[in-house]
Amino acid sequence: MSEEKSLNFLEEIVADDLQTGRSTNVHTRFPPEPNGYLHIGHAKSICLNFGLADDHGGKTNLRFDDTNPVTEDTEYVESIKADVRWLGFDWEHECYASDYFPKLYEFACALIRKGLAYVDDSSSEEIAAAKGTPTVPGRESPCRNRSVTENLELFEAMKTGAFRDGEKVLRAKIDMSSPNMHMRDPIMYRIRHVHHHRTGDTWCIYPMYDFAHGQSDSLEGITHSVCTLEFEVHRPLYNWYIAKLGIFPTRQFEFARLNMTYTVMSKRKLLQLVQEGFVDGWDDPRMPTISGMRRRGYTPLSIRNFCDRIGVQRRENIIDVGLLEFCVREDLNRIALRRMVVLDPLKMVITNYPAGQTEEMDAENNPEAPDQGGTRKLPFSGELWIEREDFMEVPAKKWFRLAPGAVVRLKNAYIVRCDDFVKNEQGEVIEIRCSYIPESRSGQDTSGINVKGTIHWVSAATAIRAEVRLYDRLFNVEDPSAEGDFKNFLNPSSLDIISQAVMEPSMAEAAPGDRFQFIRKGYFSLDEKLSHSGHPVFNRTVTLKDGWAKEAKKG
RNA sequence: UGCCCGAUAGUAUAAUGGUAGUACGACAGAUUUUGGUUCUGUUUGUCUUGGUUCGAAUCCAGGUCGGGCAACCA
């Protein structure tokens, strides 16, 4: 029964390499720089790299590309490991580019000996000026033809700390007039007298990305090195180092990074949101970070499914955030426990319900999985909370909910008719007065009455209260990065805090990791960071699709 | 006015010279004690101009449009 599943272009390459014998195994790697938190775009890369290997019984390394100690930190290392694990992936080896510093140093010496690298005394500005432009060839450095011996000595001196930051660099001797700017004698090593989060003060010279990444891939025996499109122009240099060094020839392939509507995805911009206080931190539930989405209540499966559905290509793309929401609803619909929660309470009094009487109603925990979900008891009484927006004094067209004279079903309970309502001095409705139909009890309804609307409710006497946080998109334009400062497009109402939502009593037992559907409202889960004993906080992961909102918009 | 990459419904993504399909969205309907879910149906597409071919989304050439490249970042 295997369904015909088409391969993306990378899967095709790998399958083809295996088939032709160009590769005998598949070994990929996920190579984050530990200078920020992982986001949904990284999830695409993670799923791709682990998926590519997994499809063929291969392995995937987790490698930290930690060649720039100025911006990197172990805090990020830990968060990245936690996020990859949470997404459901196990790496083969945990690697660090910094583990290869001695080897990389030897590689550099080897290139010097071959006359393919030289120490340059030029300043950063001089090098930039001599680099030329894409349309104007560069000029060769006066240091370009130093002897091998002198280069070796100088490079050694760089390593032993004889020079200050920026005083010298090691450059590859390639072609200053190459149409590819990356081939114009790229810098291999720079001097940085700074503490590295792993190697401490052992080194004061650090390799550039280009002089570390390909060799790291090669040293680990990576067969297919997958990265994003902006590295495409680096590939000739990647291959040049490998060829000149004569080491295992990893091949690099590029794909288009993920973009999503109403979202920014660059680490730089996300860092800005964190540092300038527009959000609560990297794990703010509004952030597209893995940690933010986890806190928000996203499931790993929903993220993996999303990554599967968006596909992989080389063209620029911007994915509708609605697809992400679809994926999480799809997963949560299957697993979430249904609960009665009123976010914006309005009192309902059932005038003909015997005073002081209570009943217990049976309610399904999950109609999508009746066998596993079971049922629970729901206390009912003559005084309830209902959702304010479920009552309209002057009903709209096609309004199926409460209005003067209208009947609705209280879910899992009785049918009620709205007889009257009470307003305060400000003209706000503060109470709805209804009568119930005793023979309409859920499961034993003999009333013969058909109602079009069913609403949720919570019995007032037994209700518990808790904070609920409603999140909306962080930006109010589809492409915040399109023009101008992206921060101008922040959605001012991306967070709505409800301090006193009323909930059915079973919610007192909510535990971290539980997923709930607050009936008719959306999917929610406990915020593990903000909740403490006696003060639970629930985050809205995503709303339910709202058919009425759509209908109402039509007018 | 250099080099590299790309272009299929609104958004993604298939079709690998042989009927342009799928998902999300939108629209319409059925079911429903969640205006949820589920189900059914409809709608919308090969950037352009030539060429090769019995036949082109696919191969070739020109054009157009979009993206990337000039950090001692990755």
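Just so we're on the same page: letters track the sequence lines, and every chain starts at 1.
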[X] side-chain N/O to [N] phosphate OP1/OP2 under 4.0 Å:
X: A:Arg190; N: B:C73; result: yes
X: A:Ser124; N: B:C72; result: yes
X: A:Arg192; N: B:C73; result: yes
X: A:Thr67; N: B:A74; result: yes
X: A:Lys545; N: B:U37; result: yes

A:Tyr118/A:Asp185 under side chain to side chain donor-acceptor pair (under 3.5 Å): CA gap, chis, key distance, verdict: CA-CA 9 Å; A:Tyr118 62 96; A:Asp185 289 12; 2.6 Å; yes

So do A:Ile13 and A:Phe253 actually touch side chain to side chain, heavy atoms under 4.5 Å?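 Side chain of A:Phe253 against side chain of A:Ile13, heavy atoms only: contact under 4.5 Å found.
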
For A:His213 and A:Arg29, what are the C-alpha separation, side-chain angles and deciding distance, and is it a side chain to side chain donor-acceptor pair (under 3.5 Å)? CA-CA 11 Å; A:His213 199 95; A:Arg29 102 267 92 114; 2.7 Å; yes

Roughly how far apart, to the nearest Å, are [N] and [M] at atom [atom1]?
N: B:A12; M: B:U19; atom1: C1'; result: 24 Å
N: B:G45; M: B:A57; atom1: C1'; result: 10 Å
N: B:U11; M: B:G25; atom1: P; result: 16 Å
N: B:G18; M: B:C4; atom1: P; result: 30 Å
N: B:U1; M: B:U8; atom1: C1'; result: 32 Å

Walk me through it: do A:Phe380 and A:Ile350 pass the test side-chain contact (heavy atoms from CB on, under 4.5 Å)? CA-CA 11 Å; A:Phe380 182 83; A:Ile350 302 174; 3.6 Å; yes

Go along nucleotides 6-13 of chain B 5' to 3' and tag each nucleotide: B for a protein heavy atom under 4.0 Å from its base, S when only backbone or sugar atoms are that close, - otherwise. SSB--SSS

Got a sec? Which of residues 163-178 of chain A come in under 4.0 Å of RNA chain B, heavy atoms?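 Contacts with RNA chain B under 4.0 Å: A:Gly166, A:Val169.
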
Measure the distance from CD on A:Glu387 to P on B:U34 and round it to the nearest whole Å.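 Taking CD of A:Glu387 and P of B:U34, I get 16 Å after rounding.
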
A:Met208 CE to B:C72 C1', straight-line distance once rounded to whole Å: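 That distance rounds to 6 Å.
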
When Watson-Crick pairs (N1 to N3 and N6-O4 or O6-N4) and G-U wobble pairs (N1-O2 and O6-N3) count only below 3.5 Å on both distances, what is the dot-bracket string of RNA chain B, with | for other-strand pairs? .((((((..((((....[..)))).(((((.......)))))....(((((..]....))))))))))).....

